[in-house]
Novice: 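My questions will all concern the structure given below.
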Amino acid sequence: MNYARLISIAIVFSLFLIPSAPLTSQAYEDTQCFQCHTSAKKLIEATREIAKMRPALKSSEIEGEG
Amino acid sequence: MEPLAPHEKIFVDSEILDDENHGELACHECHGGNPDDPNWKTAHKGVVKDPTYPDATTACGDCHDEINEHYQKSLHVSLRPYRLIIEKRANPEAIISKKVAGAMNNHCFQCHSSCGQCHISRPDSVEGGFLDGHLFQRKPPMEEVCTACHGSRVHKEYFGEQEGTLPSIHRKKYMKCDKCHTGEEMHGDGKEYANRYEVENGPKCIACHEKIYDKEAKNVITHRIHKDKASCHVCHSQPYNNCSTCHVGKDKQGLAFYKTESSWFDFKIGLNPIQSEKRPEKFVTVRHNPVDPKLFDFYEKKALRSFNALPTWKLSTPHNIQLKTPQNASCNACHGNESLFLLDKDVVDKEKEANKGVIVPANLIPRKQKWQPK
């Protein structure tokens with residue numbers, strides 16, 4: 001009886017040793033950042049919208065080798 | 001280097017979750033923003049595009065503490081040589097100095113690197129974009145990082161892109177930049193160097209070619225005779241790219257621009273302008289740099305009052321090494337061959353004063369030899 005109790009205590013404790021990373025990664029996977037930045041479709045839509053809102057970031061007057 | 005579409009630049013590969021070192025970091029832990037906001041416009045409020053520049057302590061330093069200790073002094077981050085060169089040429093009057101600092105900030109200091117701009121994305125100066133879906137690259141890829149910035153000189157030379165030149169022999173042996181330019185060199189060693197040639201853990205030909213002075217080595221006599229007199233490049237490099245002038249300013253939209261004029265491939269041996277214990281050679285290959293007395297005229301006409309304080313032909317280490325070159329075909333291919341040397345006539349009038357320490361006087365050109373090594 002005591003032997004069985006020891007085994008159950010060991011099992012309960014071993015649960016605390018299982019790494020929590022997969023759960024954490026799952027949590028990150030569910031963020032809006034991850035959902036959008038891993039979707040080419042969503043990024044294409046967003047970058048098209050950005051291109052309409054923002055002017056060019058590079059001067060057209062650049063000439064020659066840098 | 002293939003250009004990236006705007007969405008490709010920010011596409012994250014979901015494999016990043018499998019990265020045992022970085023996969024447990026949530027996006028917002030480094031970049032900020034609101035990970036719970038479904039509206040991308042408001043979610044990006046406060047987002048930091050590159051959390052590793054100018055200070056990588058929070059993003060990288062906790063784990064990479066050894067690199068974090070020194071990287072601010074890496075020349076790729078500090079850009080100290082730019083600052084020192086301009087300071088030496090600039091007008092020291094406080095009001096002008098301030099304008100020069102502003103101009104340098106708008107132009108020169110935009111070409112820097114950071115942890116992120118080597119290991120995660122292409123550098124900002126070449127319009128950025130993730131290297132491989134934000135997966136962390138232990139070794140930065142050569143063409144998307146190193147030669148993306150060092151393009152007009154190193155890239156063209158190393159890959160033999162100029163007509164009449166061959167790719168470097170090191171390229172033919174599939175060597176990448178990091179074979180000579182180690183991570184230790186790139187990350188800095190905590191010392192503040194005035195130029196890349198001083199860097200203690202920088203590339204050294206002798207590190208691989210350690211036997212060239214041995215009695216049994218091929219061409220040992222030639223190597224021993226020229227040791228500390230001529231740099232390795234004098235005998236082993238091909239013609240390389242030279243650039244002229246540089247003018248900077250801002251366009252009507254307020255965007256910074258630069259204009260350089262002609263560039264040309266040439267080979268010139270000059271007097272070593274920074275002779276030192278580490279670089280004792282008298283003769284070195286010299287390259288014309290893209291600089292001009294009117295560089296900062298857009299900001300201040302009197303900015304570079306002491307332009308002649310430094311040469312416009314600088315010590316150079318072209319990246320197009322060959323075992324056999326026209327100048328090392330025989331002793332007299334170089335000795336007495338005036339066309340290889342930077343002479344007074346090769347330097348434009350307005351730059352003669354600046355280059356007087358680099359121009360080779362006729363009496364210093366090595367004389368033709370009767371004796372030939374066996």
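Chain letters run A, B, ... following the sequence lines, proteins first, then strands; residues in each count from 1.
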Novice: So how far is it from B:Glu8 CD to A:Ile44 CD1, rounded to the nearest 0.5 Å?
Specialist: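 The CD1 atom of A:Ile44 is 8.5 Å from CD of B:Glu8, to the nearest 0.5 Å.
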Novice: Report which part of B:Asp36 has an atom under 4.5 Å of a heavy atom belonging to chain A: side chain, backbone, both, or neither.
Specialist: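 For B:Asp36, the contact with chain A is made by the backbone alone.
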Novice: Give, as side chain, backbone, both or neither, the part of B:His31 having an atom under 4.5 angstrom from any heavy atom of chain A.
Specialist: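 Neither part; nothing is under 4.5 Å.
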Novice: Is it the backbone or the side chain of B:Pro6 that comes under 4.5 Å from a heavy atom of chain A, or both, or neither?
Specialist: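 B:Pro6 touches chain A through backbone and side-chain heavy atoms alike.
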Novice: So which of A:Ser60, A:Ser59, A:Gly64 has the biggest tally of heavy-atom pairs under 4.5 Å with chain B?
Specialist: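 Between A:Ser60, A:Ser59, A:Gly64, the count favours A:Ser59.
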Novice: Any side-chain heavy-atom pair from B:Leu17 and A:Glu29 closer than 4.5 angstrom?
Specialist: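 Sidechains of A:Glu29 and B:Leu17: in contact.
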Novice: Looking only at non-hydrogen atoms, find the nearest pair between A:Phe34 and B:Ile16 and report the distance.
Specialist: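 What the structure gives for the nearest pair is CE1-CG2, 4.0 Å.
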Novice: Which answer fits A:Lys42, side chain, backbone, both or neither, if we ask what part of it has an atom under 4.5 Å from a heavy atom of chain B?
Specialist: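 Neither; nothing under 4.5 Å.
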Novice: Check each atom of B:Lys41 against the heavy atoms of chain A and say whether the ones under 4.5 Å are side chain, backbone, both or neither.
Specialist: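 Looking at B:Lys41, just its side chain touches chain A.
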Novice: Salt-bridged, A:Glu61 to B:Lys250, with N to O below 4.0 Å?
Specialist: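 A salt bridge is absent here (no side-chain N lies under 4.0 Å from a carboxylate O).
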Novice: With side chain to side chain contact (heavy atoms under 4.5 Å, CB included) as the criterion, how do A:Ile50 and B:Trp40 come out once you've worked through the C-alpha distance, each side chain's angles and the decisive distance to 0.1 Å?
Specialist: CA-CA 11 Å; A:Ile50 292 167; B:Trp40 65 264; 3.5 Å; yes
Novice: What do the steps show when you test B:Lys259 against A:Ile62 for side chain to side chain contact (heavy atoms under 4.5 Å, CB included), and what is the final call?
Specialist: CA-CA 6 Å; B:Lys259 289 178 195 284; A:Ile62 291 173; over 6 Å; no
Novice: In the structure I gave you, are the side-chain heavy atoms of B:Pro35 and A:Gln32 within less than 4.5 Å of one another anywhere?
Specialist: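 The answer is no, as the side chains (C-beta and beyond) never meet within the 4.5 Å cut-off.
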Novice: Non-hydrogen atoms of chain B under 4.5 Å away: do they reach the side chain of A:Cys33, the backbone, both or neither?
Specialist: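 Contact with chain B: backbone and side chain both.
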Novice: Using atom types as modelled and distance alone, determine if a side-chain donor or acceptor of A:His37 lies under 3.5 Å from a backbone N or O of B:Ile10.
Specialist: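 Here the side-chain-to-backbone pair exists.
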Novice: Quick check on B:Glu15 against chain A: is it the side chain, the backbone, both or neither that has a heavy atom closer than 4.5 Å?
Specialist: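 Neither the backbone nor the side chain of B:Glu15 comes within 4.5 Å of chain A.
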Novice: Given the rule in the side chain to side chain contact (heavy atoms under 4.5 Å, CB included) test, do B:His7 and A:Thr47 qualify, once you have shown the distances and angles that lead to the verdict?
Specialist: CA-CA 6 Å; B:His7 73 280; A:Thr47 49; 3.9 Å; yes
Novice: Please classify the contact of B:Ala43 with chain A as side chain, backbone, both or neither, using a heavy-atom distance under 4.5 Å.
Specialist: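 Neither part, no heavy atoms under 4.5 Å.
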Novice: I'd like to know if the side chain of A:Tyr28 reaches the main chain of B:Glu24, judged simply by a donor and an acceptor atom lying under 3.5 Å from each other, with no hydrogens or angles considered.
Specialist: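 Between the backbone of B:Glu24 and the side chain of A:Tyr28 there is a qualifying donor-acceptor contact (under 3.5 Å).
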Novice: Which bit of A:Gln35 comes within less than 4.5 Å of chain B, counting heavy atoms only: side chain, backbone, both or neither?
Specialist: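 For A:Gln35, no heavy atom lies under 4.5 Å from chain B.
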Novice: Applying side chain to side chain donor-acceptor pair (under 3.5 Å) to B:Ser263 and A:Glu65, what does each step give before you reach the verdict?
Specialist: CA-CA 8 Å; B:Ser263 56; A:Glu65 292 184 306; 2.6 Å; yes
Novice: Given that the side chain runs from C-beta out, which part of B:Asn241 has a heavy atom under 4.5 Å from chain A: side chain, backbone, both or neither?
Specialist: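 Just its side chain gets close to chain A.
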Novice: Checking B:Glu127 against chain A: side chain, backbone, both or neither under 4.5 Å from a heavy atom?
Specialist: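 Side chain only.
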